[in-house]
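Single-structure report; data block below.
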Amino acid sequence: MLLPRSFYLRDDVVPIARDLLGMTLHTRIDGQHVSAAITETEAYAGINDRASHAYGGRRTPRNEMMYAEGGRAYVYICYGIHHLLNIVTHLLGVPHAVLVRGVRAIEGATVMDRRRGRAAATTDGPGTAAQAMGIRRAHDGTDLLGASIWIEDDGVRYPDQAIVSGPRIGVNYAGADALLPYRFFLRKGS
DNA sequence: CGAATGATATACT
DNA sequence: GTATATCATTCGA
């Protein structure tokens with residue numbers, strides 16, 4: 001079933017990042033429908049999180065969408081070439097988001113291979129995940145309860161021991177906040 | 001392990 | 001408007 005708006009409006013982004021593991025991300029982009037299980041996420045927890053683009057309440061054209069009501073996509077370009085998909089959470093004006101770092105193909109694996117230019121059944125980073133799903137900067141602000149990007153709960157549930165948490169990747173500039181255990185992924189073999 | 005890559009934010013003139 | 005530093009990464013060696 002489609003994840004309801006209320007899932008995205010909860011006030012703590014960290015358990016949302018954890019709960020997204022096992023949910024199914026769907027896209028219908030360029031006439032191609034693909035779906036994939038979310039296997040790795042990271043939480044970015046608002047204006048007090050030094051790793052977040054919204055640290056200190058910063059507002060720029062790029063990160064404006066982080067301040068939207070939960071349940072939209074925040075897509076930005078990193079290192080000039082990689083498009084990264086984030087899921088905006090919390091109420092209007094509170095900039096929380098979850099970075100989707102990894103997916104595993106369910107439907108449309110051949111489309112994902114073609115987009116990636118190589119085998120893409122399982123992606124190995126946030127840039128490759130977004131690319132396989134067809135998501136690019138133009139999808140910034142897309143409503144996740146709409147027809148081009150959405151997330152479904154197929155009832156997959158993982159016990160706590162199947163999930164690993166640890167420090168986020170690539171945020172060494174964030175000082176002590178770089179050590180927060182805001183990254184979640186499936187233990188090998190899960 | 002290290003170079004590539006160019007959008008973006010910020011600090012200037 | 002122009003300049004510069006930075007970057008929630010990726011790929012090939």
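Just so you know, these numbers come straight off a predicted model, no measurement behind them. Order of the sequence lines fixes the chain letters, A, B, ..., with proteins taken first and strands second; residue numbering starts at 1 for each chain.
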| Does A:Leu91 reach the side chain of A:Glu69, with side-chain heavy atoms less than 4.5 Å apart? | no
| Is A:Val171 reachable from A:Val14 through a run of hydrophobic residues whose side-chain heavy atoms are each under 4.5 Å from the next? | no
| ILVMFWY cluster, A:Met23 and A:Ile87 together (side-chain gap under 4.5 Å) | yes
| query | Given side chains that start at C-beta, do those of A:Asp19 and A:Arg10 come closer than 4.5 Å, heavy atoms only? | reply | yes
| query | So what does A:Arg116 hit on the nucleic acid, given a heavy-atom distance under 4.0 Å: a base, only sugar-phosphate, or nothing? | reply | sugar-phosphate
| task | Under 4.0 Å between any heavy atoms, over every strand shown, what does A:Leu99 touch: base, sugar-phosphate, or nothing? Just pick one. | result | base
| Any side-chain heavy atom of A:Leu144 sitting closer than 4.5 Å to one from A:Phe7? | no
Listed pairs, N/O of protein and of nucleotides 1-4 of chain B, under 3.5 Å:
none

| said: If hydrophobic residues (ILVMFWY) are linked whenever their side-chain heavy atoms come closer than 4.5 Å, directly or via other members, who joins A:Val164 in its cluster? | reply: A:Phe185
| query | Using 30° and 60° as the class limits, which term best fits the ring planes of A:His26 and A:Trp150: parallel, tilted or perpendicular? | reply | parallel
| query | Mind checking which nucleotides bracket the chain A contacts on DNA chain C, 5' to 3', with an atom under 4.0 Å from a heavy atom? | reply | C:dC7 to C:dG12
| remark: The answer to which of A:Cys78 and A:Arg62 contacts DNA chain B further toward the 5' end, by nearest nucleotide, is A:Cys78
| request: State whether A:Asp12 and A:Arg18 are salt-bridged, where the test is any N-O pair (Lys NZ or Arg NE/NH1/NH2 against Asp/Glu carboxylate O) under 4.0 Å. | output: no
| field | DNA chain C-proximal residues of residues 37-47 of chain A, any heavy atom under 4.0 Å | value | A:Tyr44
| Is A:Leu85 reachable from A:Leu145 through a run of hydrophobic residues whose side-chain heavy atoms are each under 4.5 Å from the next? | yes
| DNA chain C stem ranges, 3 or more consecutive Watson-Crick or G-U pairs under 3.5 angstrom | B:1-4 with C:9-12, B:6-12 with C:1-7
| message | When you compare the side chain of A:Ile29 with that of A:Met133, does any pair of heavy atoms fall below 4.5 Å? | response | no
| request: Give me the residues of residues 14-23 of chain A where at least one heavy atom lies under 4.0 Å from an atom of DNA chain C, by number, or none. | output: none
| Taking the inter-plane angle between the rings of A:Tyr76 and A:Tyr74 on a 0 to 90° scale, is it parallel (under 30°), tilted (30 to 60°) or perpendicular (over 60°)? | parallel
| message | Using the rule that Ile, Leu, Val, Met, Phe, Trp and Tyr join whenever any side-chain heavy atoms are under 4.5 Å apart, tell me whether A:Met65 and A:Ile135 fall into a single cluster. | response | no
| said: Rounded to whole Å, how long is the line connecting atom NE2 of A:His53 with atom C1' of B:dA7? | reply: 12 Å
| said: Checking A:Arg116 against A:Gln131 for the side-chain hydrogen bond (donor to acceptor under 3.5 Å, both in side chains) test, could you report, in this order, the C-alpha distance in whole Å, the side-chain angles of both residues, the deciding distance, and whether it holds? | reply: CA-CA 6 Å; A:Arg116 290 275 303 118; A:Gln131 187 185 23; 2.6 Å; yes
| task | Name the nucleic acid region contacted by A:Arg168, choosing base, sugar-phosphate or nothing; use a 4.0 angstrom heavy-atom cut-off, strictly under. | result | nothing
| message | Please tell me whether A:Leu25 and A:Leu20 are part of a single hydrophobic cluster in this structure, the criterion being side-chain heavy atoms less than 4.5 Å apart. | response | yes
| task | Just call it for A:Arg118: base, sugar-phosphate, or nothing, with non-hydrogen atoms closer than 4.0 Å on any strand. | result | sugar-phosphate
| said: Taking atom CZ as the centre, does A:Arg104 end up with more than 12 heavy-atom neighbours from other residues, nucleotides or ligands that are less than 6.0 angstrom away? | reply: no
| query | Hey, does the Lys NZ or Arg CZ of A:Arg168 hover above the aromatic six-ring of A:Tyr44, less than 6.0 Å from the centre and inside 45° of the axis? | reply | yes
